[in-house]
Undergrad: 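Got a structure for you, questions after.
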There are 2 protein chains.
Amino acid sequence: MRQIKKPTIRDVAQEAKVTTSTVSRVLNESTLVKPRTRQKVLDAIERLGYIPSKTARIFKSGKSYILGLVIGQSHISNIMFNAGFQAQFKALTEKAHKEGYNILLITAATADSESYFEVIKNQVADGFIIFSPSQNDTLTAMLEEADIPYVYNMKYSDNPQDRYYVSSDDVEGGYIAGKYLLDLNHKHIRFVVGSVKGGYLPFNADRIRGFQKALKQYGVPFQEEMIVKIPGQMDESYNGIHKLFQTDRPTALMISNEITTVAALNYFFDHGIRVPQDLSVIGFGPSEFFRSLRPNLTNVSYDLAWSSAKLVDLLLQRIEGKPVTPEMPKKPELVIRDSTARYSEAAPKPS
Amino acid sequence: MRQIKKPTIRDVAQEAKVTTSTVSRVLNESTLVKPRTRQKVLDAIERLGYIPSKTARIFKSGKSYILGLVIGQSHISNIMFNAGFQAQFKALTEKAHKEGYNILLITAATADSESYFEVIKNQVADGFIIFSPSQNDTLTAMLEEADIPYVYNMKYSDNPQDRYYVSSDDVEGGYIAGKYLLDLNHKHIRFVVGSVKGGYLPFNADRIRGFQKALKQYGVPFQEEMIVKIPGQMDESYNGIHKLFQTDRPTALMISNEITTVAALNYFFDHGIRVPQDLSVIGFGPSEFFRSLRPNLTNVSYDLAWSSAKLVDLLLQRIEGKPVTPEMPKKPELVIRDSTARYSEAAPKPS
DNA sequence: CTGTTAGCGCATTCAT
DNA sequence: ATGAATGCGCTAACAG
């Protein structure tokens, strides 16, 4: 029954008593193949169980209809359980499939330019969606040099030339969160963010900037200790929150990472800190996620489905060599739920 | 600076004043290329910015080092936010990368055999990891016929010949959960499971079987209403739990799906049903997930990292044509945490 | 140690 | 409407 070797287009041609050209024509639904010959070929294909070699087709056409999604290996564990990543990932794959592409998941050993480029250049894909490495200037240069289409999932440079990304307005995000808390009379606010090698990811830097803008507007002086760096994994976050609350008792918290948010809520649950009675909490990320938490969390809501779809569009434009139409960053919205309350001195304080 | 066309191995050969064979040899670090020529070639490569065509290499070698992960499009939304899937997915990609493979995410329009086969056969991948479609007998036959290496993520057949999967012992899972609740004096138990087209997924059927075994052992008669079918998405689950608790007040719940578990906990939070005081709850899935819930959930713990790695091993064995060594299903363990308590009449009942 | 030759499976000229 | 011939980029067998 089974062939020793998989049948090729030649076997089909022979079986159908035609040439490979004809077979190729019926495969590609070419114009004008006589119905009779066409049927002969189809029969032969059926009889042999012939499947055209995708590999050869890619080789010939130069198009794989594959989009590479590049992530640093060290990030993958953390990132995979992050609600924002999940939302992006889902939107990315759905959009890609809608456009006839599949997603190839690529991980680099580390999150630096060299490691990224090393894996990217050896991959079969028409273009790459890159989850930004720690530094990406050299990576960008290398990709340009090699003429490889790419897009980044976030703002990756301050050079206005570098506009191959779709972002949200993160300054606005930090601003509306801060402003809302200040409106609620909070002054003792802490902004919990992740940190990479002591610095901030660009979007966190922007959010902090927005937060500072709100503070200034309300005449509250910014102090360094308002920014609290806590790692983004569950246990480390829990410990980080613990450490914070041993020395400090803010009345409001902004948390830039979803996993840290869950860890914080768990910590508050475990230690009888009531949200929002004792503490107001604002999260950042996809709204559906915060809606599934208890208490329902007030959050700065990002439309990741939208930005992910735009990102794929952008990449496809680059692949097709079309001029790229940059997208305006979408403003995030504040969704007010049950985790934020007005601060007053009279409010019960945790012991 | 940039070439009109990407340089090929021929361009390099010309530039280095050697033949393509020699270039190929240095690319493949072949034995015995004179250091001097080797350096000449390397220089030429550097000068031209040459990158070997992965596509051509795949075409030649027939090996892509890509593993296809096949999911029904209708499932992808639900599956992506499911803790068990995430854990599998993460473990799968990490293991694949460790073995030098990348994961290509493939979605089929629907979850039936024809749709699955249609996308699979047109993909470039050395083998496929298939998240089981609703019915897979014909799919399996077609894959065998086409000589495509595949494995399923779960038991997909009762034919002992069909052993291309790695599973856990789900009968045991249902059994230990039921037994523990019975030990705690619960009799009014409900087992919440998903359902597909009115039937159960094989692993749920097994878990139910295990539950029945426990009941029998304790002399508690099984009744149909002990099994509650609730869809696996967040909102539908919430509504399903709501509906259940309007007509029924079990003292203990086993929940076969992680999202449904979260939805249920949210419902209990919203309606003042205390866990475990008013209701004991047992979840099924990866332990880390249930540990991140509040209250900390007692759960039947599956080692998805282990089974996923084994699954990749199995697939690689098939790809390499090695005889397949089937793996014994691993027994899940009951991890007792804070969501289960002994039942006594005196216990406070919700109003 | 290096060059010559052939061919992987397919699509695409160019003839007929 | 179909066949014959060519080549995509690379590797490998065979010479030399």
Side-chain angles (χ1 to χ4, degrees), chain A residues 3-45 48-65 121-126 146-148, chain B residues 3-45 48-65 121-126 146-148:
Chain A
Q3 309 286 323
I4 303 294
K5 267 179 54 53
K6 299 197 180 184
T8 78
I9 197 171
R10 258 184 287 275
D11 299 320
V12 176
Q14 197 170 353
E15 175 81 12
K17 296 187 175 51
V18 294
T19 55
T20 59
S21 325
T22 308
V23 179
S24 178
R25 287 194 188 95
V26 339
L27 287 177
N28 296 288
E29 293 165 10
S30 158
T31 48
L32 313 185
V33 180
K34 204 205 291 178
R36 267 193 52 122
T37 20
R38 182 185 163 71
Q39 194 54 49
K40 276 202 311 189
V41 172
L42 257 23
D43 288 346
I45 288 175
L48 265 45
Y50 167 72
I51 298 173
S53 156
K54 180 75 173 209
T55 297
R57 286 181 153 179
I58 293 178
F59 175 58
K60 265 298 277 186
S61 69
K63 277 225 65 170
S64 65
Y65 289 95
K121 71 173 188 178
N122 286 313
Q123 228 56 54
V124 41
D126 298 335
D147 203 20
I148 296 172
Chain B
Q3 309 287 324
I4 305 293
K5 266 180 54 54
K6 301 199 179 180
T8 76
I9 197 170
R10 257 184 288 273
D11 300 319
V12 176
Q14 198 170 352
E15 175 81 13
K17 298 187 174 50
V18 295
T19 55
T20 58
S21 323
T22 307
V23 179
S24 178
R25 286 192 188 97
V26 338
L27 287 176
N28 296 289
E29 293 164 11
S30 158
T31 48
L32 314 183
V33 180
K34 205 204 293 180
R36 266 193 52 121
T37 16
R38 183 185 162 71
Q39 194 52 51
K40 277 202 308 189
V41 172
L42 258 21
D43 289 345
I45 288 174
L48 265 45
Y50 166 73
I51 298 173
S53 157
K54 181 74 173 209
T55 299
R57 285 181 153 177
I58 292 178
F59 175 57
K60 260 304 270 187
S61 70
K63 277 224 65 170
S64 65
Y65 289 96
K121 73 173 188 180
N122 286 313
Q123 228 57 55
V124 43
D126 297 334
D147 203 19
I148 296 173

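Below, read A as the first sequence line, B as the second, and so on, with proteins coming before strands; counting in each chain starts at 1. These figures come from a predicted structure and were not determined experimentally.
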Undergrad: Starting from P on D:dC10, measure out to CG on A:Asn122 and report it in whole angstrom.
TA: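 Nearest whole value for this atom pair: 12 Å.
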Undergrad: Assign B:Thr8 to base, sugar-phosphate, or nothing according to its heavy-atom contacts below 4.0 angstrom with the strands shown.
TA: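 If one applies the 4.0 Å heavy-atom cut-off, B:Thr8 turns out to touch the sugar-phosphate alone, with no base involved.
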Undergrad: Looking across every strand, which nucleic acid part, if any, lies under 4.0 Å from B:Lys34 by heavy atom: base, sugar-phosphate, or nothing?
TA: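 Sugar-phosphate: the residue B:Lys34, judged by heavy atoms under 4.0 Å, touches backbone atoms but no base.
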Undergrad: Compare side-chain N and O positions of A:Arg57 against OP1 and OP2 of C:dA11 and report whether any pair is under 4.0 Å apart.
TA: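 For C:dA11, OP1/OP2 do have a side-chain N/O of A:Arg57 under 4.0 Å.
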Undergrad: Counting any heavy atom closer than 4.0 Å, what does A:Thr37 reach on the DNA or RNA strands: base, sugar-phosphate only, or nothing?
TA: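 Answer is sugar-phosphate: A:Thr37 comes under 4.0 Å of backbone atoms only.
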Undergrad: Tell me if a side-chain donor or acceptor on B:Asp43 pairs with a main-chain N or O of B:Lys40 at a distance below 3.5 Å.
TA: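 Here the side-chain-to-backbone pair does not exist.
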Undergrad: Is there a side-chain contact between A:Arg10 and the phosphate of C:dC8, meaning an N or O under 4.0 Å from OP1 or OP2?
TA: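 Answer yes for this pair, as a side-chain N or O of A:Arg10 is under 4.0 Å from OP1 or OP2.
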Undergrad: Where each residue is assigned the nucleotide of DNA chain C containing its nearest heavy atom, which of B:Thr19 and A:Lys54 is assigned the position nearer the 5′ end?
TA: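 Nearest-nucleotide comparison on DNA chain C picks B:Thr19.
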Undergrad: Looking only at the side chain of B:Ser21 (C-beta and beyond, no hydrogens), which of the listed nucleotides C:dG3, D:dG9, C:dC10 gets closest?
TA: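 Of all the options, the side chain of B:Ser21 is nearest to C:dG3.
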Undergrad: Picking from C:dC10, D:dG9, C:dG3, which would you name as closest to the side chain of B:Lys60?
TA: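 Nucleotide nearest to B:Lys60's side chain: D:dG9.
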Undergrad: Would you say that more than 12 heavy atoms from the other residues, nucleotides or ligands in this model lie under 6.0 Å from the OH of A:Tyr65, or not?
TA: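 At most 12 heavy atoms, drawn from other residues, nucleotides or ligands, come within 6.0 Å of this atom.
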Undergrad: Nearest 0.5 Å, please: how far is CG in A:Leu42 from CG in A:Leu27?
TA: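 Between atom CG of A:Leu27 and atom CG of A:Leu42 there are 8.5 Å.
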Undergrad: By nearest atom, which of the nucleotides C:dT4, D:dG3, C:dC8 is closest to the B:Phe59 side chain?
TA: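 From the listed options, C:dC8 comes nearest.
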Undergrad: If you measure from CD1 on A:Ile9 to OG on A:Ser21, what distance do you get to the nearest 0.5 Å?
TA: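 Reported value, rounded in 0.5 Å steps: 8.0 Å.
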Undergrad: Which part of the nucleic acid, if any, lies within reach of B:Val18 when heavy atoms closer than 4.0 Å are counted: base, sugar-phosphate only, or nothing?
TA: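 Sugar-phosphate contact only.
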Undergrad: Closest-nucleotide mapping onto DNA chain C: is B:Arg38 or B:Ala56 further toward the 5' terminus? I mean the 5' end.
TA: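 Mapping each residue to its closest nucleotide by heavy atoms, the 5'-most match is B:Arg38.
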Undergrad: Considering every strand and a 4.0 Å limit on heavy-atom distances, what is the contact class for B:Ser53: base, sugar-phosphate, or nothing?
TA: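 Counting heavy atoms under 4.0 Å across all strands, the contact made by B:Ser53 is with sugar-phosphate only.
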